[in-house]
Amino acid sequence: MHKILIVEDEAIIRSALKRLLERHDYAVSEAENAEEAEALDPQRFDLVISDLRLPGKEGTSLIERAAPVPVLIMTSYASMRSAIDSLKQGAVDYIAKPFDHAELVETVSRVLHQQAMRQSEPPAITDEGGSQQPMIGDCDAMQQVYTRIRKTAPADVTVLILGESGTGKELVARALHQQSKRAAAPLVSVNCAAIPETLIESELFGHEKGAFTGASASRTGLVEAADGGTLFLDEIGELPLDAQARLLRVLQEGEIRKIGSVETRHVDVRLIAATHRDLAALSKSGEFRLDLYYRLNVMQIDLPPLREREDDVLAIADILLDKALKRHGREGLRLSRAARQDLRDYPWPGNVRELENALERGVILAEGHLIHPDDLGLAPVATRPPPAPVTAAETADFDDTSAADEAAEGVSLEAYFQHFVLEHQDHMSETELAQKLGISRKNLWERRQRLGIPRKKHARRASS
């Protein structure tokens, strides 16, 4: 049930709205003014409906406070000027008093539907070529990441991204920046592990001419270069203690001082940090400042390793393979069924970066029109789990030649699926069937529909 907050100082209108929306199965809370609405935390709701003219703060003051929750503005001033002004400030829409009940309910339904559609899609990021691409992954862990990005991006707070090397921490930082209020300003990315310890302070905070040997000219630091925008510090666990102290001042006071200078300069920078290390443990051992850790960890986003992302590995592999094929001019080359099985089963200690390297090797080494397991060059894994069948959806776009080449590898996938489901559905739940087949419950349901295999009634009870 959707939760709606009504902010209206006239009790009669507020009560009438509440009754109307509750008749359409919405859960409704009320507030008389913006201050009371803020105390209820508008971000807990799915929609805020607020009068424009309220005692104290105007209703538009809730737009920023509620973000990313949409705010629908009501106004008895049906002039275009007040409506346009509220939309410019970020209101999702407006309705003029006195309003038609059917029109109000239709507007509420439309806004909530649009919000649900936005939340179901992975956040998009702009790549180097300027085109927008969604982040890849449908598993539950990545859905939680997408939700945290959507809620955190507009809030303009410091974010700490945690995850193993190669999990895509910079992609998350880019998505946070591009969905923030600073999207038009620069995003400056710095890999703290890639800069020598003796130069890191100069790179970040700048220096004056003659500040040290070799400083032949004054230089602006990367923190100052990100002024008004976002600074992304990757592998912040590698930052030396002296640089940590300077960074702490930036977060606390919004000030920087170049090396060799006595003057401070104010900067307005949003900091996003990332690391694969345990900063809490480093703080206890004295390798990382505890006060800086607390300043960084306002909002935390945990990225799952590739081995825990279910079928995402094959979706990511398809995207990376397509890019590798274009780079090397080998369009038409495909992964064999056995190669796809190896990609699915491999534990990927190097995560997406290791997957990209394996596919690059495969494209370069493959002969003919198929990439085989030997071409990928994956290290043998003694504890690799038994292989799961490859889904029909994963091989549906193979051409006839590819299918003929691989026919000897076993029976058709659809025949295997049908035989397995019919044989085991009497004593397995849908979840167990999906796990045994190595597919998601959604994929299992879709293939049941396509092949006309109905679910048993008792199987439904077992999986509920």
Side-chain angles (χ1 to χ4, degrees), residues 122 125 127-128 133-142 144-145 160-175 189-195 232-239 272-279 281-282 300-328 330 333 335-336 338-366 371-388 390 394 438:
I125 53 173
D127 59 22
E128 291 79 358
Q133 305 252 345
M135 294 181 68
I136 306 167
D138 294 321
C139 67
D140 291 342
M142 288 305 295
Q144 293 175 18
V145 171
L160 181 61
I161 306 169
L162 302 179
E164 296 178 6
S165 294
T167 49
K169 296 188 286 292
E170 186 168 358
L171 293 180
V172 173
R174 195 183 304 167
S189 300
V190 184
N191 188 330
C192 298
I195 303 174
F232 173 51
L233 295 182
D234 197 5
E235 299 300 349
I236 196 168
E238 311 302 324
L239 200 63
I272 300 175
T275 183
H276 71 282
R277 305 184 69 183
D278 185 344
L279 294 187
L282 293 178
Q300 182 174 309
I301 297 178
D302 296 283
L303 272 175
L306 194 55
R307 61 183 171 275
E308 296 177 6
R309 291 180 57 180
E310 303 171 0
D311 288 338
D312 284 357
V313 61
L314 292 176
I316 297 171
D318 287 336
I319 300 295
L320 296 177
L321 178 61
D322 185 59
K323 292 180 178 179
L325 293 175
K326 290 177 180 176
R327 279 196 305 271
H328 296 282
R330 297 203 63 182
L333 186 62
L335 290 161
S336 70
R340 293 178 75 82
Q341 190 66 61
D342 271 19
L343 293 179
R344 183 203 293 270
D345 295 339
Y346 192 70
W348 301 111
N351 292 293
V352 178
R353 192 173 297 122
E354 184 182 10
L355 172 60
E356 185 174 19
N357 291 341
L359 292 168
E360 192 91 18
R361 284 194 297 271
V363 171
I364 294 171
L365 298 177
I371 299 174
H372 295 286
D374 289 346
D375 301 321
L376 298 172
L378 298 177
V381 181
T383 58
R384 186 177 298 187
V390 183
E394 294 158 0

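Residue indices begin at 1 and follow the sequence shown.
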Please examine the side chains of [Y] and [X], heavy atoms only from C-beta on, and report whether any two atoms are closer than 4.5 Å.
X      : Y      : result
Ile272 : Ile161 : yes
Leu279 : Leu282 : yes
Ser336 : Pro373 : yes

Which atom of [X] lies closest to which atom of [Y], heavy atoms considered:
X      : Y      : value
Leu359 : Ala317 : CD1-O, 3.5 Å
Ala358 : Leu378 : CB-CD2, 3.8 Å
Ile236 : Ala273 : CD1-CB, 3.7 Å
Ala175 : Met135 : CB-SD, 4.2 Å
Leu160 : Ala274 : CD1-N, 4.5 Å
Arg340 : Leu335 : CG-CB, 3.7 Å

* Asked: Taking only residues at least two apart or on different chains, which pairs with a member in residues 350-363 satisfy salt bridge (charged side-chain N to carboxylate O under 4.0 Å, His left out)?
  -> Arg327-Glu360

* Asked: Under the salt bridge (charged side-chain N to carboxylate O under 4.0 Å, His left out) test, which residues partner Glu164, sequence neighbours left out?
  -> Arg307

* To do: Please list, chain by chain and in numerical order, all residues satisfying salt bridge (charged side-chain N to carboxylate O under 4.0 Å, His left out) with Arg277, sequence neighbours excluded.
  => Glu238, Glu287

Can you sort out the partners of [X] under side-chain contact (heavy atoms from CB on, under 4.5 Å), two or more places apart, ordered by chain and number?
X      : answer
Asp302 : Leu162, Gln300
Glu170 : Arg174, Ser189, Phe232
Asp278 : Ala280, Ala281
Cys139 : Ala141, Met142, Arg309, Glu310, Asp312

Would the distance check show the side chain of [X] and the main-chain N or O of [Y] forming a donor-acceptor pair, the cut-off being under 3.5 Å?
X      : Y      : value
Thr167 : Leu303 : no
Arg330 : Val363 : yes
Asp234 : Val190 : no
Trp348 : Leu343 : yes

* To do: For a side chain to side chain contact (heavy atoms under 4.5 Å, CB included) with Val352, tell me which candidate from Asn357, Ile136, Ile316 qualifies.
  => Ile316

If you measure from [atom1] on [X] to [atom2] on [Y], what distance do you get to the nearest 0.5 Å?
X      : Y      : atom1 : atom2 : value
Leu376 : Leu355 : CG    : CG    : 9.0 Å
Ile371 : Asp374 : CD1   : CG    : 12.5 Å
Lys323 : His328 : NZ    : NE2   : 13.5 Å

* **Step-by-step side chain to side chain donor-acceptor pair (under 3.5 Å) determination, Gln341 to Asp345** => CA-CA 6 Å; Gln341 190 66 61; Asp345 295 339; 3.3 Å; yes

* To do: Under the side chain to side chain donor-acceptor pair (under 3.5 Å) rule, collect the residues that match up with Asp322, sequence neighbours excluded.
  => Lys326

